[in-house]
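So you know, we letter chains A, B, ... as the sequences are listed, proteins then strands, and number each from 1. Since the structure is predicted, the reported quantities are computational estimates derived from the model, not experimental observations.
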Amino acid sequence: MPTSLLKGLNPEQLAAVTLPHESALILAGAGSGKTRVLTTRIAHLIQSGQASPNGIFAVTFTNKAAKEMLTRLGALLPINTRGMWIGTFHGLANRMLRAHHREAGLPALFQILDSADQLGAIKRLLKALNVDDEKYPPKQLQHFINGCKEEGLRAHLVEAFDPYTRKQQELYAAYDEQCQREGVVDFAELLLRCYELLLRETALRQHYQSRFRHILVDEFQDTNHLQYQWLKLLAGEQAAVFAVGDDDQSIYAFRGARVGNMADFERDFHVEKVIRLEQNYRSHGNILDAANALIRHNQSRLGKNLWTAEGSGEPIRVFEAHSDYEEASFIVDEVKALQREGVPLSGIALLYRSNAQSRVLEHALFNAAVPYRVYGGLRFFERQEIKHALAYLRLIGNSNDDGALLRVINFPTRGIGARSLESLQEIARSEGVSLWQAAQLRRLSGKAGATISAFTALIESMREVCAALPLPEQVEHMLELSGLVTHYKNEKEGADRLENLNELINAAAGFEIEYSQEESEGASNVLAAFLTHASLEAGDNQAIAGQEALQLMTVHAAKGLEFHAVFLSGLEEGLFPHENAARERDGVEEERRLMYVAITRARRRLYISFADSRMLHGQLRYGIASRFLEELPAQLLKRINRTGSEQAMQQPTAGAASASTSDSGWQIGQAVSHPKFGPGIIINSEGRGADARVQVSFSHAGVKWLALEYAKLEAG
DNA sequence: TTCCAACTGTTTTTT
DNA sequence: ACAGTTGGAA
């Protein structure tokens, strides 16, 4: 039995799984069996007696990855994986904070704010402090605050040299005070609080350090500064950290991920062994060759080359369309052809750089009656009606949650208007208490006092009724008592929302079953746990299994997935790499990694397409093939033309490509050359006479607007 | 309080 | 192009 775990591992995988108790970095290429190594390592540690399930700490980024790890581990070992410290960064931090909420300075039933809640809290703060939200846009402030927290910086530690930053710093401090007063915690705060808790409480830190002798980290390249510090603190001197990641798949720098953590890790943890998993079990050779050739253009990488024992397979198909419209119809035709060959639609993915590109594609698919599913978008717990319902539940759990109170005090409408609220807020402000507490003071007279008292009485009665009930019935009562059900029954478009509210009752029922099976570690209550679940897992936005459907998503969303066939669309300069990326430091390298991720999603067949023109922001834009296309070895590519009989049917927009740039004599699509920037192609134009400008996409100098009067352009 | 018109900002996204 | 937000009028 002991050997069966290790059977079928290749030498590198085996080496990684059976490493001794020391920190190690596993560079796991795309499709190299990363999750298998991670789960088998845990199983091996337990089975060989090197660790007990209690001594393992394994952390991922997404709930999906955590769940996958748990199920696979359950399949490898006959142990109860519940109770093990395996979860997301935020989930595990939350767990630790719940267990030690007193030491962390939090109420037992602290609530978690999701991004939207946080933004709401910031807007509320600005209003209360009379801050001009034009000068300090809430979104920007949110970004500032989260950025600071992710750097591990509290407001008083922020270095502010200019008045603007000082003001932001001040607002950051006020925001934290507000959260503390209300007993709520945002995502970044979960981690920072937990980090500070361990830093401050020596006994606690030592307890966990000696307990978790094995720390395993998935997708290490995506960790931010705070997450790294947190891991370092938790590891102490004794733990072995098993970090698995792929620097070539680092595509989240824009949200704070620091690939540099990988190099720091090697140094800080005295890593002796860097193991490279380079054998790919997913794709055919040509696809891997293309991916390798592309990523070699990046300067900063740890170095890795994927290979496969399979044959080279088919060439990569490249298609140039006249327009986005034609690109879409080409894809539809090819998808149908694949379908005829027997490829299930769910095995085909249609990828794009940005969400806006899905429109044309969806339109074409809809017209051709090809079933498809778009990933991304609103998730279950983010829906308006669900958020309203959750706000009632939050108030039952913690009446000081001003955000929740403001959300539903007049929803459904019960005659509490802006003026009543303002007087209530005035009392709360002057007394330094929450809105709920302000209401308890009963200082408001007349109608406002009566309606507000009626509201607090309503919540109190909900709390009473719910106290002894199972969770789903609590939700049901709340929905009735609050008037939400009646409200949506009367609304003409309310049917879907009612259905979602019913689904919330189901979700509560499902959650309660899960919850009761778990050994209740913290003595928290079901309701609080359910609310935590709602914030930390906004619902599946990925895994809605359904009928056979073509899979549409951004390249980012496709990370970690694989498909028999992949269509990669919109491979144009400005789109992919995105034009904004050129301005950011290492922006193009990150875009190239994104392209690398896209290519390596394909198992057997890869299509890459681009269009000479497409509608963008309501304007027709002309583009040229992405530089990434040119970075792929020509011998791996096969340029193809449209199949079938529609080939001759040209699209109406195609003719626009030859439109003259008024009276200037230059034409869109014309090859030109500039003394400084070199050769290029005119892709857009505007103005006439002395104001006439053309946009030129240069082969080496990027895309630029040039005034015809001054630029010494030559036909070429 | 509700509704509509004008206005805005459009890369990627998890927790 | 288009969706989401905001501000003013009814």
inquiry  = Restricting to side chain to side chain donor-acceptor pair (under 3.5 Å), what partner residues turn up for A:Asp586, sequence neighbours left out?
reply    = none

key: Contacts of type side chain to side chain donor-acceptor pair (under 3.5 Å), residue A:Asp222, not counting sequence neighbours   = A:Lys559

task = Under 4.0 Å between any heavy atoms, over every strand shown, what does A:Asn224 touch: base, sugar-phosphate, or nothing? Just pick one.
result = nothing

key: Spacing of A:Lys559 atom NZ relative to B:dT14 atom P, expressed in whole Å   = 11 Å

request  = Find the distance A:Leu575:CG to B:dT10:C1' and express it as a whole number of Å.
outcome  = 13 Å

query = If you look at every strand shown and take non-hydrogen atoms under 4.0 Å, does A:Ala581 touch a base, only sugar-phosphate, or nothing?
reply = nothing

query = Residues in side-chain contact (heavy atoms from CB on, under 4.5 Å) with A:Ala602, at least two apart?
reply = A:Ile287, A:Val566, A:Leu606

query = Residues in side chain to side chain donor-acceptor pair (under 3.5 Å) with A:Thr532, at least two apart?
reply = A:Arg98

remark   = Sequence neighbours excluded, the answer for side-chain contact (heavy atoms from CB on, under 4.5 Å) partners of A:Ala581 is A:Glu591

query = Which nucleotide, B:dT1, B:dT14, B:dT12, lies nearest any side-chain atom of A:Arg379?
reply = B:dT14

Short heteroatom pairs, N/O only, protein and nucleotides 7-9 of chain B, under 3.5 Å:
none

inquiry  = With a 4.0 Å limit, can you tell me whether A:Ser535 has a side-chain N or O closer than that to the phosphate oxygens OP1/OP2 of B:dT15?
reply    = no

ask   = Which salt bridge (charged side-chain N to carboxylate O under 4.0 Å, His left out) pairs, counting each pair once, include a residue from residues 113-123 of chain A, with sequence neighbours left out?
value = A:Asp114-A:Lys387, A:Asp117-A:Lys387, A:Asp117-A:Arg394

query = With a 4.0 Å cut-off, would you call A:Lys64 and A:Glu68 a salt bridge?
reply = no

task = Please work out which of the three classes, parallel, tilted or perpendicular, describes the rings of A:Phe220 and A:Phe265, given edges at 30° and 60°.
result = tilted

note = Rounded to whole Å, the CG-P distance (A:Leu351 to B:dT13) equals 12 Å

key: A:Tyr252/A:His556 aromatic ring centres below 6.0 Å   = yes

inquiry  = Looking only at the side chain of A:Thr62 (C-beta and beyond, no hydrogens), which of the listed nucleotides B:dT11, B:dT15, B:dT13 gets closest?
reply    = B:dT15

note = So, with a heavy-atom separation below 4.0 Å from DNA chain B, the residues of residues 246-257 of chain A are A:Tyr252, A:Phe254, A:Arg255

message = What's the closest nucleotide to the side chain of A:His90 if the choices are B:dT15, B:dT12, C:dA1?
response = B:dT15

request  = Please state how far atom NE2 in A:His143 lies from atom P in B:dT12, giving the value in whole angstrom units.
outcome  = 15 Å

query = For A:Ser609, which residues count as a side-chain contact (heavy atoms from CB on, under 4.5 Å) partner, sequence neighbours excluded?
reply = A:Phe319, A:Glu327, A:Ile331, A:Ser569

Closest listed nucleotide, where the reference is the side chain of A:Ser115 and the choices are B:dT15, B:dT12, B:dT2 = B:dT15

request  = Specify the separation, in whole Å, of atom NE2 of A:His578 and atom C1' of B:dT13.
outcome  = 15 Å

query = Can a side chain N or O of A:Asn355 be found less than 4.0 Å away from OP1 or OP2 on B:dT12?
reply = yes

query = Would you say B:dT15 has OP1 or OP2 under 4.0 Å from some side-chain N or O of A:Asn63?
reply = yes

request  = Please measure how far the P atom in B:dT13 lies from the corresponding atom in C:dG4, and state the result in whole Å.
outcome  = 16 Å

request  = Kindly point out which of B:dT13, B:dT15, B:dT10 is positioned nearest to the side chain of A:Thr554?
outcome  = B:dT13

remark   = Per nearest nucleotide of DNA chain B, the residue lying toward the 5' end, A:Thr88 or A:Thr413, is A:Thr413

Residue list, side-chain contact (heavy atoms from CB on, under 4.5 Å) with A:Leu70, at least two apart or on another chain = A:Thr81, A:Ile86

request  = Please state whether the phosphate of B:dT1, meaning OP1 or OP2, lies under 4.0 angstrom from any side-chain nitrogen or oxygen of A:Asn410.
outcome  = yes

task = Could you tell me whether A:Glu584 contacts a base, only the sugar-phosphate backbone, or nothing, with contacts defined as non-hydrogen atoms closer than 4.0 Å?
result = base

request  = Report the distance from atom CD of A:Glu382 to atom C1' of B:dT15, rounded to the nearest whole Å.
outcome  = 11 Å

note = Testing B:dT1, B:dT14, B:dT11 for proximity to the side chain of A:Arg419, the answer is B:dT1

remark   = Taken to the nearest whole Å, CE/A:Met553 to P/B:dT14 is 12 Å

Can you tabulate the close N/O pairs, meaning under 3.5 Å, that link protein atoms to atoms of nucleotides 3-10 of chain C?
none

query = Residues in side chain to side chain donor-acceptor pair (under 3.5 Å) with A:Tyr172, at least two apart?
reply = none

key: Gap between atoms CD and C1', on A:Glu591 and B:dT12 respectively (whole Å)   = 8 Å

key: Distance-minimising heavy-atom pair for A:Gly152 and A:Leu192   = CA-CD1, 3.9 Å

Span that lies between the C1' atom of C:dA3 and that of B:dT14, in whole angstrom = 23 Å

